[in-house]
Structures are given as structure tokens and as C-alpha cells.
Amino acid sequence: QGQLVESGGGSVQTGGSLRLSCVVSGYTSSFYFLGWFRQAPSKEREGVATISSGDVTKYADFVQGRFTISQDNAKNTLYLQMNDLKPEDSAMYYCAARTEMNPSRVPMESRLNVDKYDSWGQGTQVTVSS
């Protein structure tokens with residue numbers, strides 16, 4: 001398992017933007033999923049977006065085209081560009097990783113499953129005010 005360190009959270013007003021970053025180190029697998037998840041107070045952690053080692057992405061329905069996940073392999077960094085933020089997006093955002101021998105065979109609907117990820121960062125707080 002590797003180490004994941006998030007940054008980029010903060011406080012913005014409704015309609016604002018933030019870009020989250022996650023530096024991944026010590027993760028040697030060539031086949032994997034990286035993902036962004038979030039957890040608001042008193043709510044369960046939920047998947048936001050994932051990207052495979054083959055750059056195939058999957059977004060939660062509530063993203064609705066507002067967020068973009070990407071990765072820079074040269075920098076070992078995962079990103080989440082968040083635009084048109086809403087108060088309901090306020091949460092602690094976590095990046096996570098999982099090894100997968102054959103990412104293309106994993107059903108799209110299961111790629112945001114929290115339980116499948118085994119390496120997690122400490123989180124970065126996003127607060128959106130109305």
C-alpha cells in the first residue's frame with residue numbers, strides 16, 4: 001500500500017471552483033483505480049469520481065458535469081477540478097487507491113464502491129457557503 005496526501009481544499013461561495021490534488025507515493029502497481037470520495041457530517045462516505053490506470057473515468061450522478069478527475073503520471077498526482085460548487089458539496093474529500101489486475105473488466109457501477117479501496121489519504125475539507 002502507498003501513501004496518499006491531499007491538498008487544495010478550502011472555503012468558497014456557491015458557484016465557485018476548487019482544484020484538489022493528491023500526491024501518490026509508494027504505489028507500484030501498473031493496474032489500478034484512483035478515486036475521490038467525500039464524507040459530510042453524519043453521512044456515509046460516498047464516491048465522487050474514479051479514474052483507472054487506462055484513464056477511464058467514472059462519475060457519481062450528482063457531479064452532473066461539474067467535476068473533472070485527471071491524473072498526471074509524471075508527477076504521481078491525482079486531481080479533481082470542481083466547478084459550480086454547491087453547499088451540498090461541502091464535505092471532507094479523500095483520495096483513495098486500489099490495485100486491480102484488469103481494470104477494464106470491473107463493472108462501471110462498482111468503481112465508486114468505497115469498500116473496494118484499500119489505501120486512503122487523510123482528507124481535505126471543502127466548505128461551500130450560500
Side-chain angles (χ1 to χ4, degrees):
Q1 296 184 355
Q3 183 179 17
L4 298 90
V5 180
E6 304 97 334
S7 62
S11 297
V12 296
Q13 293 186 328
T14 298
S17 298
L18 285 172
R19 187 175 83 154
L20 306 184
S21 299
C22 174
V23 177
V24 183
S25 60
Y27 210 83
T28 59
S29 175
S30 298
F31 303 98
Y32 57 82
F33 287 102
L34 297 175
W36 288 99
F37 298 79
R38 70 184 189 184
Q39 188 168 19
S42 304
K43 293 188 176 180
E44 293 187 353
R45 191 169 298 188
E46 61 182 353
V48 177
T50 71
I51 188 167
S52 71
S53 45
D55 277 339
V56 177
T57 59
K58 168 67 176 175
Y59 295 93
D61 290 343
F62 59 76
V63 169
Q64 298 176 332
R66 300 180 296 128
F67 297 177
T68 302
I69 188 172
S70 62
Q71 60 184 331
D72 185 332
N73 292 328
K75 296 181 179 180
N76 294 324
T77 303
L78 176 71
Y79 300 101
L80 184 68
Q81 177 67 44
M82 303 187 294
N83 298 326
D84 191 23
L85 283 161
K86 305 175 182 181
E88 52 265 41
D89 294 318
S90 296
M92 185 71 80
Y93 281 71
Y94 300 89
C95 67
R98 60 183 264 203
T99 299
E100 182 60 51
M101 292 301 293
N102 195 341
S104 63
R105 299 189 66 179
V106 176
M108 293 296 285
E109 60 269 21
S110 72
R111 296 185 181 194
L112 292 172
N113 189 328
V114 173
D115 295 337
K116 299 293 186 181
Y117 288 76
D118 52 21
S119 295
W120 291 85
Q122 294 300 306
T124 185
Q125 179 68 40
V126 171
T127 303
V128 185
S129 58
S130 57

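Numbers here simply count residues along the sequence, with the first being 1.
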Can you tell if the side chain of [X] reaches within under 4.5 Å of the side chain of [Y], non-hydrogen atoms only?
X: V24; Y: Q71; result: no
X: R45; Y: Y117; result: no
X: I69; Y: Y59; result: yes
X: M82; Y: R66; result: no
X: K58; Y: V106; result: no
X: Y94; Y: M92; result: yes
X: T14; Y: P87; result: yes

Hey, what do you get for [atom1] ([X]) to [atom2] ([Y]), rounding to the nearest 0.5 Å?
X: T57; Y: D55; atom1: OG1; atom2: CG; answer: 8.5 Å
X: L4; Y: N76; atom1: CG; atom2: CG; answer: 10.5 Å
X: K86; Y: S129; atom1: NZ; atom2: OG; answer: 15.5 Å
X: S11; Y: L85; atom1: OG; atom2: CG; answer: 11.0 Å
X: S104; Y: M101; atom1: OG; atom2: CE; answer: 11.5 Å
X: E6; Y: S21; atom1: CD; atom2: OG; answer: 10.5 Å

Can you establish whether the number of heavy atoms outside [X] located under 6.0 Å from its atom [atom1] is more than 12?
X: E44; atom1: CD; answer: no
X: Q81; atom1: CD; answer: yes
X: K116; atom1: NZ; answer: no
X: M108; atom1: CE; answer: yes
X: F62; atom1: CZ; answer: yes
X: Q13; atom1: CD; answer: no

Closest non-hydrogen atom pair, [X] against [Y]:
X: L78; Y: C95; answer: CD2-CB, 4.1 Å
X: L112; Y: A60; answer: CD1-N, 3.6 Å
X: A91; Y: Q125; answer: O-NE2, 3.3 Å
X: V48; Y: V63; answer: O-CG2, 3.6 Å
X: L20; Y: Y93; answer: CD1-CB, 3.6 Å
X: I51; Y: S70; answer: CD1-CA, 4.1 Å

Review point. When you measure from the side chain of S53 to the backbone N and O of Y32, does any donor-acceptor pair fall under 3.5 Å?
Key: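 Yes; at least one donor-acceptor contact below 3.5 Å.
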Exercise for review: Using modelled atom types only, decide if a donor and an acceptor are shared between the side chain of T127 and the backbone of S90 within a distance under 3.5 Å.
Suggested key: no
Review point. Are the aromatic rings of W36 and F67 close, with centres under 6.0 Å apart?
Key: no
Practice item. Take T124 and S7 through the side chain to side chain contact (heavy atoms under 4.5 Å, CB included) test and state the conclusion after the steps. Key: CA-CA 6 Å; T124 185; S7 62; 5.6 Å; no
Review point. On the ring face of F33, is R111 found with NZ or CZ under 6.0 Å from the centre and within 45° of the axis?
Key: no
